[in-house]
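Here's the structure we're looking at; comments come further down.
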Amino acid sequence: MQRYSRDQMAARVARDIPEGAYVNLGIGLPTMVANHLPKDREILLHSENGLLAMGPAPDPGADDPDLINAGKQPVTLLPGGAYFHHADSFAMMRGGHLDFCVLGAFQVSTQGDLANWHTGAPDAIPAVGGAMDLAIGAKQVFVMMEHLTKQGQSKIVPRCTYPLTVVRCVNRIFTDLAVIDVTSTGLAVVEMADGLSFEELMRLTGVPLRRASAH
Amino acid sequence: MQRYSRDQMAARVARDIPEGAYVNLGIGLPTMVANHLPKDREILLHSENGLLAMGPAPDPGADDPDLINAGKQPVTLLPGGAYFHHADSFAMMRGGHLDFCVLGAFQVSTQGDLANWHTGAPDAIPAVGGAMDLAIGAKQVFVMMEHLTKQGQSKIVPRCTYPLTVVRCVNRIFTDLAVIDVTSTGLAVVEMADGLSFEELMRLTGVPLRRASAH
Amino acid sequence: MINKIISSAREAVADIQDGATVMIGGFGTAGTPLALIDALIEQRARDLTVVNNNAGNADTGLAALLKTKRVRKIICSFPRQPDSWVFDALYRAGEIELELVPQGNLAERIRAAGAGIGAFFTPTGYATLLAEGKETREINGRQYVLEHPIHADYALIKADRGDRWGNLVYRKTARNFGPIMASAAKCAIAEVREIVELGILDPEAIVTPGIFVQRVVRIPVLTLAEPQAA
Amino acid sequence: MINKIISSAREAVADIQDGATVMIGGFGTAGTPLALIDALIEQRARDLTVVNNNAGNADTGLAALLKTKRVRKIICSFPRQPDSWVFDALYRAGEIELELVPQGNLAERIRAAGAGIGAFFTPTGYATLLAEGKETREINGRQYVLEHPIHADYALIKADRGDRWGNLVYRKTARNFGPIMASAAKCAIAEVREIVELGILDPEAIVTPGIFVQRVVRIPVLTLAEPQAA
């Protein structure tokens, strides 16, 4: 079996983002999607700290400490971009104005519940940031994650055991093994890694899956 | 008896507005206060349609249809002024950031209830505008009005018979007969028109009054 | 390439359906999208709900729209004006429904729709006719009324300059309801004096980022030197 | 003449009392009012409640303030970071109280304080640990949590330019919490890179009108060519 690499996952997510979309890419793995957005599509990236039409990282030495993204990395602004304050920025998110957000996750349930902010470990210091706002506000929520934990357990679960971020919000899951839609009739497998059988994917995932109809 | 003229009333109100105050002058009589603000004080006028540091009317012929006040009259902006949208403008008002508003009134009750938006007449088409927002938000609410109706009835009443604008909001009443404070222990007369006796004012007003202590 | 620029006001409002809720920007002479209103009048949609601060002045603009009797309901703060005779007559004849909202609650309800707020407690209107039947609550010793967002299908607004991404800047007090109405509507349509290239508008000074705007129409300002076409 | 300009950061924060709630602007490297924080550290106030997006990084700024153990409680959205060791140690030792708030609710609660809103229903946090014990409500088929405003005694913020009336403009993403924190505090103190004459800031582009700002302090930006005084 040929697992999807992180770059392949990012490219696969990017393929699903159409021309003209307003998109927020979460911290970590989702950030890589920016590098794979097709050059022939105008896609506008939102960063919740207060900018729209975020550009790539600046040239070395051209960092501006006043121009960073939500991950606190230096970025640039494209012509046509805009700055705004935090209440306006989160109004964009909460108000349903973003077309897509792409988020990492600890767990996604078969109903599309998302757990991605807190392991719930008793000694963990919690931090939530904008995770809940993003997942509740975007029209489409994409999750990008490894299919299995380091211990080999499925991160797609009947019910999240980690503290929830948002209930019933995830639309599509992109893992290193498959692309899976969350539908009202359960999880539907859209694509699988080369050499992976549907039965093996079912076994690894441990929750009911079906093949998506042709799309 | 020498009733205060409208200009005298406006000048008297202006005297009570200190250096540095943020002030909204309601439509009608209160607008005249602007002409009497002492030149040696910087007082910033707010207009709820979205400007701060409103200046005087423009020179004849220099009207700009995009620069008007809440009364829809052409105005100017002073250097240091700013424009903002309606939600921000009313946030300033509701959020308690204005030091004073000066409003006209149909009635003020002895507890400081204000009625100034609607006569309650069955055939009247109601209109409220920003009256409620202003009276609820400003730190000090000044009312400017004739003391008596055309029928000779006191506009200062035990209880408003017209529909209320805001309960218990008025701090000081400026009429053509007197300046009266609304206090927790009732109405206190601060000043009276020349030649008017306290007893006559009491008789005309028809509600309990007391003389304010020296101030 | 994203291009939100539409070639005419008529085309911009063509898909407004019967029964739609339409926000219309403007306060007095400032910020009223006259070309879009005229295009809406030419269009056939009826049974509309209109949200505006006022209820029309004289016989043009919103008043002319009301005159067509295609507006079922108006949500506004200040309908009665010396020249609001069109509305006055319709209202007295029971031909239009009025929801009267204090101006600040109107603005905040529109903002709440754009910001995804489900409802909010406002002090404005408490213990008045305009809060009758509404839920109230004491919070930290102060009395509040619960108000709900006003969402719209369309917002017709006027801005000064815009670009193909829908970024807008306004002019002076013409800003008024434009930014919040754009955020509260599924489809915000802006008429602008000038369309500029992307990147011309200062990113520090863009008032309405393009994410809130779906269509931009250039409506040249007519001057005496530039006579109106027949 | 209105003059909100204060000559030093020390003087600007001098009257902050024990027990005060202090909002501190900034997100990452952008918009953190370092000079004001340093002045607050030098000052004696204790038992503070601090509102910031984070809970300090490394050993400077907010982290240095926390280290003095004069902060009783912090209200923030993202305390845990790779370099939040000062906070982490205090928290694990039970020496600081944490109120964790989703970032958008934090922003909206601050805005609500400035806007006179008594409380609001937000969808964010519903059915999560962060809404435990909070009132919820279904509105139009969607679930919401009731959240209350966060008011402050002081806001310490950083802007780019300001004038003697307190008008402010920011620089790029350094804007973040500045405007809303200024509106939510009884006394908003802004450190600015440059003070300009009244009328220099474009009235169309002023982000924080002076009505929200009580004190402005100029803090020159140090460059390599301009060595720091001892």
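Naming convention: chains lettered A, B, ... in sequence-line order (proteins, then strands); numbering from 1 in each chain.
In this structure, B/R41 places its CZ atom where more than 12 heavy-atom neighbours from other residues, nucleotides or ligands lie under 6.0 Å away. In D/R10, the CZ atom is not crowded: 12 or fewer heavy atoms of neighbouring residues, nucleotides or ligands sit closer than 6.0 Å. Counting non-hydrogen atoms of neighbouring residues, nucleotides and ligands closer than 6.0 angstrom, the CZ atom of D/R142 exceeds 12 such neighbours. Within 6.0 Å of the CG atom in D/N140, the count of heavy atoms belonging to other residues, nucleotides or ligands does not exceed 12. In the displayed structure, D/R137 atom CZ is contacted under 6.0 Å by more than 12 heavy atoms of other residues, nucleotides or ligands.
Considering every non-hydrogen atom in both D/R111 and B/A91, the closest pair reads NH2-CB, 4.5 Å. Pairing each heavy atom of D/P203 with each of B/L77, the nearest pair is CB-CD2, 3.5 Å. Residues D/W165 and B/Y22 share a closest heavy-atom pair of O-OH, 3.8 Å. Closest heavy-atom contact between D/I206 and B/G81: CD1-O, 3.5 Å.
The backbone N or O of D/A115 sits less than 3.5 Å from a side-chain atom of B/R94, completing a donor-acceptor pair. For the pair D/E204 (side chain) and B/Y83 (backbone), a donor-acceptor distance under 3.5 Å is absent. A donor-acceptor pair is defined here as one N or O able to donate and one able to accept, closer than 3.5 Å; such a pair exists between the side chain of B/E42 and the backbone of D/I2.
Separating the CG atom in B/L78 from the CG atom in D/L198 is a distance of 8.5 Å, to the nearest 0.5 Å. Distance check: B/D99 CG to D/I211 CD1 gives 7.0 Å after rounding to the nearest 0.5 Å.
Of the residues considered (B/G137, B/G80, B/G96), B/G80 shows the highest number of contacts with chain D, using heavy-atom pairs under 4.5 Å.
Proximity of D/N167 to B/L52: side-chain heavy atoms (C-beta onward) are nowhere separated by under 4.5 Å. Side-chain contact between B/M92 and D/P209 is present, with at least one heavy-atom pair separated by less than 4.5 Å.
At a 4.5 Å heavy-atom cutoff, B/I136 makes no contact with chain D through either its backbone or its side chain.
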